[in-house]
Protein chains: 2
Amino acid sequence: MKHNTKQRQAIIHCLSRARGPMSPYEIHELAAEEVEGLGIATVYRNLKLLAQEGKVKEFVLPGEGTRYEPAGLQHHHHFFCRGCDRVFCVEGCPRGFSSMIPEGFVLEDHEIVLYGQCQDCLDRRAV
Amino acid sequence: MKHNTKQRQAIIHCLSRARGPMSPYEIHELAAEEVEGLGIATVYRNLKLLAQEGKVKEFVLPGEGTRYEPAGLQHHHHFFCRGCDRVFCVEGCPRGFSSMIPEGFVLEDHEIVLYGQCQDCLDRRAV
DNA sequence: TAAAAATTGATAATATATTATCATCTTTTT
DNA sequence: AAAAAGATGATAATATATTATCAATTTTTA
């Protein structure tokens, strides 16, 4: 990948504007608005390469396919909206997991996923 | 499912002795020690039925297939050992997620996954 | 105990996300 | 501008976990 194609730019543009990690499908939908006729294979191809280059980070949610967010974001967690299946990055972290670790285990990392309803979905219902 | 077959009993027995949710594959391996010739389809079939009956609970880990644990356990989270890919239930919960929730969102649920090394894997290395 | 019903195990089928193929189109190099 | 290299889009292929099929076995019922 030596060309910085408009397809690749559109994909990066999507991710940098997103509020959270996006699925290849979501990226394809949105980036296709910028680049007419964008193929899903191109999305997968570029995401894989961007991940290898360390420019995007994979994020996998239980029971869902892989999503992607820009690399280099500071420590954060995620909120999954059950209304629209979108994922949002959220700031902060309660820490204090050490009391949860079983005797003799070593903690290397952690992941928190919050589940609920996003504002858009709540607004939609309230109408 | 009206019969409480030895296959089904073996599956339940596995789960009730486990330290955390098990994959169908793991269950099959272990339960086959109790029931000679146990088929993987039987494991899937019974897990699905047990889940429908509310006797076991599905647990999905990012990037991994579905696992199962007994239903009715108190609030807890999970530890994934990167050494052996096993999942362990852990007690406790830091709470305090409300400050993480974006404006206008509603929190319904949460899930914490700790990643690291279990004691067996650390012991194995130390030798 | 014979007949009916339920379950099993082996394996084929399915669903889904991702990857490979390849002709075509773009960009770069000469 | 011509040739070479790279990337794309459509679609076929792949991998994997799960489910369906069905003959054989086991359990239950009469």
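Keep in mind that this is a model prediction, so the values were computed, not measured.
A salt bridge is defined here as a Lys NZ or Arg NE, NH1 or NH2 lying under 4.0 Å from an Asp or Glu carboxylate O, and B:E53 with B:R8 meets this definition.
When the C1' atom of D:dT19 is taken as reference, atom CD of B:Q52 falls 13 Å away, rounded to whole Å. Straight-line distance from the OH atom of A:Y25 to the P atom of C:dA17: 10 Å, rounded to whole Å. Rounded to an integer number of Å, the gap from CG of B:L47 to P of C:dT8 is 11 Å. Rounded to whole angstrom, the span from the CD atom of B:E64 across to the C1' atom of D:dT18 amounts to 16 Å. Between B:K6 atom NZ and D:dT28 atom P there is a gap of 12 Å when expressed in whole angstrom units. Between the CG atom of A:L49 and the P atom of C:dT18 there is a distance of 15 Å, rounded to whole Å. C:dA17 atom P lies 14 Å from atom CG of A:L61, rounded to whole Å. Remark: P of D:dT16 and CZ of B:R67 are 16 Å apart, rounded to the nearest angstrom.
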List the steps and the verdict of side-chain contact (heavy atoms from CB on, under 4.5 Å) for B:Q119 and B:L122. CA-CA 5 Å; B:Q119 185 156 35; B:L122 290 170; 5.6 Å; no

Are A:R19 and A:C89 close enough, and set up right, to give a side-chain contact (heavy atoms from CB on, under 4.5 Å), and what steps lead you there? CA-CA 6 Å; A:R19 289 187 67 184; A:C89 295; over 6 Å; no

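Contact check, B:Y44 against D:dT18: a side-chain N or O comes under 4.0 Å of OP1 or OP2. Phosphate contact (OP1/OP2 of D:dA7, side-chain N/O of A:N46, threshold under 4.0 Å): absent. In terms of phosphate contacts, A:T66 brings no side-chain nitrogen or oxygen within less than 4.0 Å of OP1 or OP2 of C:dA17.
B:Q9 places a side-chain N or O within 3.5 Å of a backbone atom of B:N4 that can act as its donor or acceptor partner. In this structure a side-chain-to-backbone donor-acceptor pair under 3.5 Å is present from B:H77 to B:I112.
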Find every protein N or O atom lying less than 3.5 Å from an N or O atom of nucleotides 9-11 of chain D, and list the pairs.
| from | atom 1 | to | atom 2 | distance (Å) |
| --- | --- | --- | --- | --- |
| D:dG9 | OP1 | A:G37 | O | 3.3 |
| D:dG9 | OP2 | A:G39 | N | 3.0 |
| D:dG9 | OP2 | A:T42 | OG1 | 2.6 |
| D:dG9 | N7 | A:R45 | NH2 | 2.9 |
| D:dG9 | O6 | A:R45 | NH1 | 3.2 |

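For the atom pair CD (B:E58) and CG (B:L50), the distance works out to 11.0 Å, reported to the nearest 0.5 Å.
Counting only heavy atoms from C-beta outward, the side chains of B:Y25 and B:E29 approach each other to under 4.5 Å.
In this structure, B:K48 and B:T5 both approach DNA chain D, and ranking their closest nucleotides by distance from the 5' end singles out B:K48.
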